[in-house]
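Chain identifiers are assigned alphabetically (A, B, ...) following the order of the sequence lines, protein sequences preceding nucleic acid strands; residue numbering begins at 1 within each chain. Note that this is a predicted model, so its numbers are computed, not measured.
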Amino acid sequence: MNTPAALQAPKYTPTQIEPKWQAAWQKAQAFKAEPDPTKPKYYVLEMLPYPSGVLHIGHVRNYTLGDVLARYKRAKGFNVMHPMGWDAFGLPAENAAIKNKTHPEKWTLANTAEMKRVMNLFGWSYDWSKEITSCLPNYYGPQQNLFISLYEKGLVYRGEALVNWDPVDQTVLANEQVVDGKGWRSGAAVERRKMPQWFMKITNYAEELLADLDKLPNWPARVKTMQENWLGKSRGLQFSFKVEGWDKTLEVFTTRPDTLYGATFCAIAPEHPLALQAAQNDPQARLFIEDAGKLGTAQEIIDKAEKKGHKTPYTAIHPLTGAKLPIYIANFVLMTYGTGAIMSVPAHDDRDHAFATKYKLPIVEVIHAEGQNVQQAPYVGEGTLINSPLINGMGVEDAKATIIAKAEAEGWGKGLTQWRLRDWGIGRQRYWGAPIPFIHCQTCGVVPVPRESLPVTLPQDVQFTGSGNPLANHPTWKHTTCPKCSQKAVRETDTMDTFTDSSWYFLRYLCPEATEPLDKQKVQYWMTNPQGQAGVDQYIGGIEHAVLHLLYARFFTKALRDCGYLTFDEPFAALLCQGMVIGNSYQTAAGEYIYPSQVEWKEAKNGEKAAYHKTTGEPLKVLPAEKISKSKNNGDSPDDLLARYGADTLRLFILFTAPPERDLEWSEAAIEGAHRFLNRLWNLTHKVATLCPREADKSLARQSPQDDGGRLLARKIHQTIRKVNEDIEKFQYNTMVAACMELLNDLTKPTAEQSPQTLREGTEALLRLLNPAAPHITEELWQQLGHTTMLCQTAWPEYNPEVAKADEITLVVQVNGKLRARLTVPAEITEAQAIQAAKLAPEAQSWLTNQTLQKAIYVPGRLVNLTTT
RNA sequence: GCCCAUGUAGUCCAACUGGUAGUAGACAGAGGACUUAAAAUCCUUACAGUGCCGGUUCGAAUCCGGCCAUGGGCACCA
């Protein structure tokens with residue numbers, strides 16, 4: 001049905017129109033956001049990227065989701081804040097510095113420039129004047145200022161932590177740098193080592209962090225559950241064992257005091273003082289502790305490792321029975337949890353059972369349940385207490401209370417609320433992070449850097465050898481004088497965990513130029529709502545941040561509130577966690593990761609397909625799909641796709657291909673479909689521009705077309721407007737795009753040309769609905785249709801419920817739950833009429849004859865289910 | 001190992017949250033039209049499926065229990 005007009009239309013060339021409109025938006029400053037009391041505000045935020053240098057498809061997904069919302073809300077009349085920046089500190093820059101001899105700052109800033117270039121090609125509607133870069137002093141300086149406020153509030157302290165120590169490189173390793181118990185660079189076996197460390201007192205806020213989850217109805221339930229489990233509030237008994245052969249008592253915490261009579265041994269962490277004591281006269285114990293240390297600090301590794309123990313000469317005296325319980329040093333007990341020691345009840349705990357079986361320790365059943373044999377498998381459920389003189393016959397809860405009361409009365413223990421959450425260790429022995437603004441003085445101790453001397457900046461002339469901490473190794477940087485006594489002193493050489501940078505960036509976006517860390521007025525405008533919930537109105541980011549980043553940012557908000565910077569409790573009023581984009585990774589025999597674009601699939605002799613390197617032809621190992629990451633190179637830069645299809649196609653495709661929360665295995669297979677759709681939209685609009693002259697002030701609703709085709713088309717248009725509205729509000733962007741495709745299918749039917757005015761209205765509505773998803777082509781076509789105001793400054797279309805209303809529905813007739821007939825009935829049918837119609841439905845008759853009707857279930861607008869006896 | 005999710009045609013996904021499983025929408029396939037031919041475009045169209053086992057219900061893709069597979073997190077990757 002190509003009309004001459006459509007044939008004459010210019011070809012859709014994204015490479016021409018996309019830069020044109022990007023320039024137009026920039027010239028109009030269309031996305032600039034400043035406080036405006038006359039408009040409701042809307043703050044859309046996407047998680048800021050780590051500038052690896054490659055913008056991959058996961059970013060494209062994240063930022064397109066946010067951009068649809070930002071553009072939609074602008075069209076709805078909101079004053080929209082939509083900023084972007086760079087989480088620019090972190091390990092990869094330092095690794096690159098060691099590998100390529102480039103300075104981390106040079107490497108990082110080159111990466112941000114490259115990523116910003118690509119980001120601009122996508123037409124995301126950011127106000128770039130709000131950009132922050134966390135590795136620059138104008139960001140981390142204010143952060144140091146806030147850090148000192150937190151210190152003054154008592155929320156920062158020095159403590160000790162266990163770290164992965166690489167004895168060859170003399171450096172602390174991140175968990176990801178430990179591979180099979182060895183340092184990834186040096187290959188040396190790691191040692192778990194205790195180090196002085198900076199902490200933030202997040203545990204002060206444990207109760208509030210838990211309680212306030214209830215104030216976040218617009219967060220995904222799964223994220224709240226994960227945070228709740230992470231906080232891990234539990235009620236239990238902390239008590240002490242007297243120890244034979246030791247002058248101190250052994251403190252343990254248990255959530256199962258009811259099983260106290262079932263305790264048959266104790267287990268202590270390899271770093272426990274009693275373990276160290278035992279090691280003094282026992283070389284075997286020393287070896288065991290050293291060996292346990294090789295597991296490193298990662299919980300996963302410790303949990304999965306074979307449970308091992310070493311018996312000490314000490315015994316703990318059971319507080320109720322006086323029994324002597326052997327004390328084992330155990331590789332699965334960690335000093336950083338609770339007291340670093342546990343009572344072990346093998347009959348009713350999985351790990352204890354495995355341990356007891358291995359070392360042939362007694363297993364004493366104290367909770368009985370039918371059909372359970374605790375000698376074979378532990379039983380952790382409810383039951384009746386046995387073998388426990390004080391509490392025999394009780395249930396678990398009563399028994400817990402009784403034991404706690406007894407311990408408190410006799411003074412050997414007390415009931416206690418325990419949290420799984422530990423304080424946040426924020427110090428890093430690395431160069432590429434915000435310097436912790438403190439000075440160590442021999443006489444005055446640890447002294448904060450005076451605020452007027454901030455920022456404490458990183459030195460530029462640094463050697464990156466991979467050995468030790470570059471800041472500590474720098475010849476002059478750390479030497480300074482004490483701000484209190486003016487004596488010679490040294491700077492702290494630890495830098496901050498990069499999670500610190502991302503814990504408050506959403507506030508600094510609102511006032512990137514402010515001399516104070518935060519401009520209270522601006523923060524107040526953008527972060528609070530006269531009615532409704534305070535915080536970022538919609539935060540969007542990957543599910544991988546469900547716990548750490550989001551918990552730290554929540555903590556920071558509460559801490560800054562208590563320091564007087566903020567007036568609200570929670571940073572993010574609503575949260576959308578997009579699913580991961582995952583992809584296979586490809587590895588050469590040498591272990592190098594190859595980008596998917598470099599991979600070619602060829603048929604091998606046995607008929608199966610195998611992966612080969614495109615240029616070298618070398619066979620590649622295909623690894624299972626996982627999160628696209630910079631270390632695995634399993635995501636291509638979308639540059640190539642952009643050049644072939646344009647930004648609008650990519651945006652539309654990524655929205656269309658799956659609902660936002662769902663994980664997505666990357667495949668380009670369906671991208672052609674999105675491109676085809678835009679081409680059809682292009683051709684239709686050019687046809688409409690010539691066929692259907694513009695009648696500026698006639699709205700479709702008032703026009704009420706007379707003919708049937710026109711009326712049906714008008715209905716479809718208004719149903720689509722309604723659906724797109726609903727879908728955007730619910731983030732169902734995939735079905736939103738599908739609805740637009742449906743409308744286009746109707747608009748391109750030959751019959752649509754019989755109602756030119758409706759056809760034009762429909763095309764215009766479609767352009768407006770698609771604008772948030774595909775902003776460039778819709779702007780261009782809007783202009784082609786004769787409009788002079790940009791779409792990004794045009795209000796959202798309204799739908800008319802009268803026009804959208806259906807007048808007939810399909811009524812399904814079931815007999816005993818089985819589909820037997822479909823009837824077409826008027827939309828406003830009553831229940832009685834519907835049941836009557838169902839009983840008379842011809843196709844249902846054979847199922848109803850000689851049957852006695854029991855009841856009729858009516859679901860309005862849907863079905864009637866007739867049940868028989 | 002522990003915590004949290006997910007599982008529907010050959011593929012990606014719909015299914016108004018317990019009510020017609022697909023004339024939701026696409027990709028791929030087949031056939032046709034147009035073309036000297038190809039690409040592009042348009043038209044027509046087959047196939048078949050709720051991971052497995054059990055339960056609740058008039059009715060289950062949807063709720064419950066168990067299992068399997070996949071993904072995310074596990075505190076120094078971000």
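Contact annotation for A:Gly542: no contact, since no heavy-atom pair falls under 4.0 Å across all strands. Within 4.0 Å of A:Ala546, counting heavy atoms only, lies no atom of the nucleic acid at all. Base contact: A:Trp230 has a heavy atom under 4.0 Å from a base atom. Counting non-hydrogen atoms under 4.0 angstrom, A:Val163 reaches a base of the nucleic acid. Among the protein residues, A:Phe656 comes within range of the nucleic acid bases, having at least one heavy atom under 4.0 Å from a base atom. The residue A:Arg722 sits apart from the nucleic acid: no heavy atom pair falls under 4.0 Å. In this structure, A:Val547 reaches neither bases nor backbone, as no heavy-atom distance under 4.0 Å exists between it and the strands shown. At a threshold of 4.0 angstrom between heavy atoms, the contacts of A:Pro220 with the nucleic acid are absent. Contact annotation for A:Arg351: no contact, since no heavy-atom pair falls under 4.0 Å across all strands.
Between A:His686 and A:Trp682, the ring planes lie tilted relative to each other; the angle falls in the 30° to 60° range.
When each of A:Arg680 and A:Ile671 is assigned the nucleotide of RNA chain B bearing its nearest heavy atom, the one mapping closer to the 5' terminus is A:Ile671. Between A:Glu661 and A:Glu176, it is A:Glu661 whose nearest contact on RNA chain B lies nearer the 5' terminus.
A distance below 6.0 Å separates the ring centres of A:Trp424 and A:Tyr552. Taking the six-membered ring for Trp, A:Phe677 and A:Phe656 have ring centres at least 6.0 Å apart.
Secondary-structure stems of RNA chain B, taken as three or more successive Watson-Crick or G-U wobble pairs (i with j, i+1 with j-1) under a 3.5 Å distance threshold, comprise B:1-7 with B:68-74, B:10-12 with B:25-27, B:29-33 with B:41-45, B:51-55 with B:63-67.
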Query - Candidate pair A:Glu729 and A:Asn725, rule side chain to side chain donor-acceptor pair (under 3.5 Å), full reasoning - result: CA-CA 6 Å; A:Glu729 298 281 352; A:Asn725 252 299; over 6 Å; no

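Glycosidic conformation of B:U17 is syn; the angle stays within 90° of 0.
For A:Thr735 and A:Asp727, the side-chain atoms include at least one donor-acceptor pair closer than 3.5 Å.
Distances were taken from every side-chain heavy atom of A:Leu548 (C-beta onward) to each of B:C4, B:A75, B:C77; the shortest belongs to B:A75. Each of B:A78, B:G7, B:G19 was ranked by its minimum atom distance to the side chain of A:Arg662; first place goes to B:G7. Taking the side chain of A:Lys627 as heavy atoms from C-beta on, and the options B:C4, B:G1, B:A78, the nearest nucleotide is B:A78.
Side chain A:Gln814 to base B:G19: a donor-acceptor pair is found below 3.5 Å.
The side chain to side chain donor-acceptor pair (under 3.5 Å) search around A:Thr649 returns A:His675, not counting sequence neighbours.
Heavy-atom contacts from other residues, nucleotides or ligands closer than 6.0 Å to CH2 of A:Trp184 number more than 12.
One can place CG of A:Leu334 at 14 Å from C1' of B:C2, the figure rounded to the nearest angstrom.
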